[in-house]
Amino acid sequence: MIQNPVPWPDGARCAVALTFDMDADSILHLEHPEDSISRVSAISMLRYGPEVAVPRIVETYKRFGIKQTFFVPAWCIEQYPRAVEIMLEGGHEVAHHGYIHENPNAQGREEEAYWLRRSIEVIESATGKRPRGWRAPLYNFSDHSAELLAEEGFLYDASLMGDDVPYVLRTGKGDIIELPAHWGVDDWPQFVQSMDLDYMMPIKSAADGIEVFKQEFDAMWEHGGLWIGVWHPFATGRLARWLQVTKLIEYMLEKGNVWLAPMEEIARHVKKCIDDGSYTPRVDRLPYYTERVTVMPLAGSRHKAAVGTVRQT
Ligand SMILES: [Zn+2]
């Protein structure tokens, strides 16, 4: 089913990364710059992430003896330094997730480059280490993102959805390893309801929501893929859901032949396999398009469309 499964370490059937995006209230200030500070209930819901959920998550990881990855906007590092210290004390990776969860594909190249670099500096001064991985806020990877990541020496990206296994983003400035996920492993559709964030989903029971992720894991285990949970402390770190996650981790460990690792470690392994020839990844050349795709309706038809000037690079 998967054309080119990665040779995972020690013969593991699949690799697993439970990643958390600790957005805290950055997303609220971005969404409502005029009056975010008066939306106190929403702020409290989002602060639950750094204040309550992160210590709980790190404690559980410690119990299982696993190291994982947190993507943290730089503004959140400045606002919630204790949460980041707790991640670092647990030996976890802190990766790049924008400055204040700004939207890269609403920015020009220079603006995107500025916030990328400014956030690298914040991460470096908080962690003592330059970030090696990036996830675009809200998956809003722009047509400049891949090239900017290569310029800044990033090893991997975790924003795109183009495969079941890692692949390569090739740019004029170098290659980036893509560790792909998709909305099916994201916790917002399962658990988030917020009028302030204009996101209203019928909230699943904790067990039903986590069951969606478990089925994704079983498929990856069966066929040698990469399973990444794209979760948020304020959502999946809530008590009932986190209890279900601990059961999911137990299930994974009991099933066996699973490699749980931080994203950077997974990306390094993939790069090593590419370099020694034991893995030949699919390569996507980015940007996908350099010109607007113009779709012109055919005269007399409301349903058919003709594609105008398209040039794929
Ligand atoms: Zn985010």
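Atoms within a ligand are numbered from 1 in the order they appear, just like the ligands themselves. Owing to the predicted nature of the structure, the values given are computational and were not obtained by experimental measurement.
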Problem - Distance-only polar pair, side chains of His97 and Asp23, donor-acceptor under 3.5 Å - result: yes

Completion exercise
Applied to residues 227-238, the side chain to side chain donor-acceptor pair (under 3.5 Å) test, sequence neighbours excluded, yields Asp187-His232, Asp187-Thr236, Trp188-His232

Fill in the blank from the handout: So, leaving waters aside, the tally of protein N/O/S atoms less than 2.8 Å from the Zn ion (ligand 1) stands at 4

Practice task
Decide whether Tyr251 and Asp218 meet the rule of one side-chain donor and one side-chain acceptor closer than 3.5 Å.
Solution key: yes

Practice task
Please confirm whether the backbone N or O of Glu152 pairs with a side-chain atom of Arg130, one donor and one acceptor, at under 3.5 Å?
Solution key: yes

Handout entry: Between His29 and Ser36, a side-chain donor and acceptor under 3.5 Å
Key = yes

Problem - Residues Tyr167 and Asn4: side-chain donor-acceptor under 3.5 angstrom - result: no

